[in-house]
There are 2 protein chains.
Amino acid sequence: MLEKEARLDPRAVRTRQYLQQAMGELLGEKRFHEISVQDITARAGVNRATFYAHFVDKYDLLNTSIREMYQNMLDEKLPAQPVFNRANMRLLIITVFEFLEGFIGHCSPGSISSEQGLMAQQVQVHTQTILRGWLERSGAVAQHELEAVSSIASWMIFGPIVQVTWERKKVSADTVAEQLLPLIEAGLGAYMHAGAT
Amino acid sequence: MLEKEARLDPRAVRTRQYLQQAMGELLGEKRFHEISVQDITARAGVNRATFYAHFVDKYDLLNTSIREMYQNMLDEKLPAQPVFNRANMRLLIITVFEFLEGFIGHCSPGSISSEQGLMAQQVQVHTQTILRGWLERSGAVAQHELEAVSSIASWMIFGPIVQVTWERKKVSADTVAEQLLPLIEAGLGAYMHAGAT
DNA sequence: CAACATCTGTTGTTTACGCAACAAGTGCTG
DNA sequence: CAGCACTTGTTGCGTAAACAACAGATGTTG
């Protein structure tokens with residue numbers, strides 16, 4: 001992602017950071033449903049009314065945080081203006097895998113907490129949004145097909161990875177990518193850009 | 001020190017912390033006279049106009065920071081309401097020694113920078129202020145003698161310690177205290193409280 | 001020395017945030 | 001179920017900080 005268009009007031013930037021950091025700390029101490037907005041703001045040292053100037057509720061805070069962390073990881077691994085091609089799909093698969101593993105990899109098998117469910121959902125939705133952008137940039141899909149194709153593509157990546165991650169199978173991100181790419185190409189190769197980047 | 005009487009607005013507390021932390025970082029990178037208020041506020045992420053809402057200039061910031069750090073160390077080592085007695089003088093000597101050593105102990109012998117000079121001055125002045133408070137609490141000194149006695153007492157502690165520290169002699173805080181206490185008692189024993197605490 | 005770049009100290013205005021309070025909602029307990 | 005403690009979402013007001021701009025001061029350079 002390029003430089004933000006409008007510079008945010010440093011105070012607002014800071015406040016959001018405090019709130020997000022507080023949420024992260026509290027999630028390490030108790031379950032999501034046990035955490036109140038009061039807890040978050042007290043931990044962050046921010047007035048509770050200020051919380052509502054930035055987020056609708058604690059779900060909004062969590063979802064936003066997850067999306068931003070995921071997007072930061074994508075920004076690190078992918079080119080600045082990715083198109084829908086094999087190389088970028090590979091990088092995306094690896095990123096999704098590593099991101100999910102980072103969250104789920106620390107739980108006992110079969111245990112799915114509400115925060116993990118929420119987190120997984122955010123990753124899927126955001127992955128779809130990203131793919132939609134890629135497809136639009138490539139111009140290989142008709143406008144009315146964008147939603148369908150991006151949804152299918154995201155689930156082809158997301159579904160198998162979620163299953164592998166939740167079942168705690170010992171596989172590497174590269175292995176997963178090598179297994180998924182041929183299948184994705186078989187189904188969506190028609191929309192793929194032939195060139196690099 | 002007991003709980004502050006009026007709760008400071010958390011925003012102001014934070015801003016001061018940022019500024020003080022920025023000063024500390026910059027002092028590790030360049031000399032005091034090379035540091036501008038602009039540098040400090042940029043590092044702290046605080047608007048320059050805000051700096052002047054809290055401090056008169058960069059000297060004020062440095063002096064205040066030194067005094068607060070020193071006072072924090074004193075608060076850790078001394079009882080809540082110290083009186084002018086042998087035990088507390090001993091603790092004070094140890095604290096002064098350790099505080100000065102913490103700043104000066106990392107320089108080459110004979111090298112006295114302007115920040116160290118400023119820092120030493122703050123310690124002497126603050127030590128005198130503290131001793132004045134002790135004497136006043138003990139009631140063993142007439143009002144018109146408070147300044148003189150507290151000044152003498154502070155220099156009897158401060159002077160020898162500064163010399164030892166600057167000359168880089170390898171002595172412990174306890175050793176210095178054992179050497180200074182008899183001399184201080186000989187000179188100021190008449191004002192000392194006999195009891196503990 | 002004049003010109004210039006940089007910094008300082010200040011000012012008025014705008015913006016984000018702190019605070020106290022309130023009504024309503026939620027969960028727990030006897 | 002009623003009572004209670006706690007939380008939520010919101011509001012109006014006051015406060016601290018951000019911002020842009022200005023005049024003056026300071027240090028450097030040709």
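Here is how names work: the chains are called A, B, and so on, in the same order as the sequence lines, proteins then strands, and each is numbered from 1.
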**Request:** For DNA chain C, determine which residues of residues 46-57 of chain A have any heavy atom closer than 4.0 angstrom to one of its atoms, and list them numerically.
**Result:** A/V46, A/N47, A/R48, A/A49, A/T50, A/H54
**Request:** For A/D9 and C/dT13, give me the distance from atom CG to atom C1', rounded to whole Å.
**Result:** 14 Å
**Item:** Distance in Å, A/I152 CD1 paired with A/Q128 CD, rounded so as to fall on 0.5 Å steps
**Value:** 10.0 Å
**Message:** Checking side-chain polar atoms at under 3.5 Å, does B/Q71 have a donor or acceptor matched by the opposite partner on B/D75?
**Reply:** yes
**Prompt:** Parallel under 30°, tilted from 30 to 60°, perpendicular over 60°: which one fits the rings of A/F99 and A/Y70?
**Reply:** tilted
**Message:** Roughly what angle, to 10°, lies between the helix axis at the start of the helix from C/dC1-D/dG30 to C/dG30-D/dC1 and the one at its end, five pairs per end?
**Reply:** 40°
**Asked** Looking only at atom types and distance, does a side-chain atom of B/R67 sit under 3.5 Å from a main-chain N or O of B/Q122, one as donor and one as acceptor?
**Response** no
**Item:** Least distance between heavy atoms, A/D60 atom then A/H54 atom
**Value:** OD2-O, 4.3 Å
**Asked** Does B/L100 offer a backbone N or O that forms a donor-acceptor pair with the side chain of B/T165 under 3.5 Å?
**Response** no
**Prompt:** What integer distance in Å separates A/L8:CG from D/dC19:C1'?
**Reply:** 15 Å
**Message:** Looking at A/E34, I want to see if its CD is surrounded by more than 12 non-hydrogen atoms of other residues, nucleotides or ligands under 6.0 Å.
**Reply:** yes
**Request:** Please evaluate the base of C/dC17 for a donor-acceptor partner in the side chain of B/R11 within a cut-off of under 3.5 Å?
**Result:** yes
**Asked** Within this structure, what is the CG-to-C1' distance between A/L61 and D/dG9, rounded to whole angstrom?
**Response** 16 Å
**Item:** Min side-chain heavy-atom separation A/Q17-A/V13 under 4.5 Å
**Value:** yes
**Prompt:** Would you call the rings of A/F51 and A/F55 parallel, tilted or perpendicular if under 30° counts as parallel and over 60° as perpendicular?
**Reply:** tilted
**Item:** Exercise: identify the closest heavy-atom pair between A/N88 and A/L78
**Value:** O-CD2, 3.8 Å
**Message:** Can you list, in residue-number order, the parts of residues 35-45 of chain B that come under 4.0 Å of DNA chain C, counting heavy atoms only?
**Reply:** B/S36, B/V37, B/Q38
**Prompt:** Starting at OH of A/Y59 and ending at P of D/dT8, how long is that distance when rounded to a whole Å?
**Reply:** 10 Å
**Prompt:** What is the distance from CZ of A/R14 to P of D/dA18, rounded to the nearest Å?
**Reply:** 7 Å
**Request:** Using whole Å, report how far NE2 of B/H33 lies from C1' of D/dT28.
**Result:** 14 Å
**Asked** For B/I35, does its backbone N or O pair with a side-chain atom of B/K58 as donor and acceptor, under 3.5 Å?
**Response** yes
